[in-house]
Amino acid sequence: MTDSTPTTPRRPSPRPAAKRSPAAKAPTLRRERDLMEAGAEFVIGCDEVGRGAIAGPVAVGVCIVDIRKRVPRGLRDSKLLSEKVRESLAPPVAGWAVGSAIGMSSNDEIDRFGLTIALGLAGSRAVIGLLEQGFELGGSALILDGKFDYLTPALAREGVGSGPRVVTRIKADMDCASVSGASVLAKVARDRLMIDHHEQRPHYGWVSNKGYGSASHWAAIDQVGPSELHRHTWLRTPSLFDLGPSVDDQGSERDVEAAFEGPSAG
């Protein structure tokens, strides 16, 4: 006999966070060296953080490296490192880099233009930061993590005519030391910003989740509503996050970020 009793719709429970992978290999400068030997004046690593958060900006870091200098010990993609290790690595990475910059695009811009355009805005602001430091980038190569080039059209929209040639590479944040360095610098900068915002809005738990969709973060939104720093268009469809990889309250966003690879995220 079939039970025809209607069921009450309920919000799906987040999937448990995936288990951590074995320790990743250290990134190298092999790809950077190849690009230099092919004629690049500078090689710049580029990576974004905050792609899968539901509050706060998306940040893009850029990091120019000297292939003759030793990679900082312990450097990995920022998502593979604890907050404490990232904080300890940021100063040596900044000292190792020939030049570095961070660009951000606000939650309002993400709501207005979509994530892909916002990534381009953040990335172009980072590149412009290098130009303002006096670097001539026309003969340079930029390794962009992922398979989709959101940066080249963004630089064109911003009128940057002497920007670097963009080379996309899947998993560059794990394989290329310049991109790992950019990832760490961007992650630390964005995390510090969210921690500062936490002091005025402690109920969302940003000091731990950094704006990602943890269970306690969603519960706070249900209880007190979203803030002006939330990505409001992303809150209209909760199942976008509830049915995807989850994030814990310690800011472990590795799986959430992986779910937002590619141009369709915009």
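You'll find the side chain of F113 reaches within 4.5 Å of the side chain of L121, heavy atoms only. Using a 4.5 Å heavy-atom cutoff, the side chains of D77 and D47 are in contact. A 4.5 Å side-chain heavy-atom check between P57 and L193 finds at least one atom pair inside the cut-off. Between L29 and M36, every side-chain heavy-atom pair lies at or beyond the 4.5 Å cut-off. Between V179 and R31 the shortest side-chain heavy-atom distance does not fall below 4.5 Å. Contact check for R76 versus P27: side-chain heavy atoms found under the 4.5 Å cut-off. Side-chain contact check for W234 versus D111: some heavy-atom pair is nearer than 4.5 Å. The closest side-chain heavy-atom distance from L119 to F148 is not below 4.5 Å.
For the residue pair T168 / D149, no side-chain donor-acceptor distance below 3.5 Å is found, with atom types taken as modelled.
Applying the side chain to side chain contact (heavy atoms under 4.5 Å, CB included) rule to E136 yields no partners; only residues at least two apart in sequence or on another chain are considered. The ring-ring contact (aromatic ring centres under 6.0 Å, His included) search around H230 returns Y204, W206, H217, not counting sequence neighbours.
L137 pairs with exactly one of V127, L155, I128 by the side-chain contact (heavy atoms from CB on, under 4.5 Å) rule, that one being V127.
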Item to check | Worked check of side chain to side chain donor-acceptor pair (under 3.5 Å) between S178 and E32 | outcome: CA-CA 8 Å; S178 63; E32 290 88 341; 2.7 Å; yes
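A salt bridge between D108 and R112 is absent, with no side-chain N of the basic residue lying under 4.0 Å from a carboxylate O of the acidic one. Using a cut-off of 4.0 Å between Lys/Arg side-chain N and Asp/Glu carboxylate O, K187 and E83 are scored as not salt-bridged.
Within the structure, salt bridge (Lys or Arg N to Asp or Glu O under 4.0 Å) pairs that include any residue of residues 122-133 comprise E109-R125 (at least two apart or interchain).
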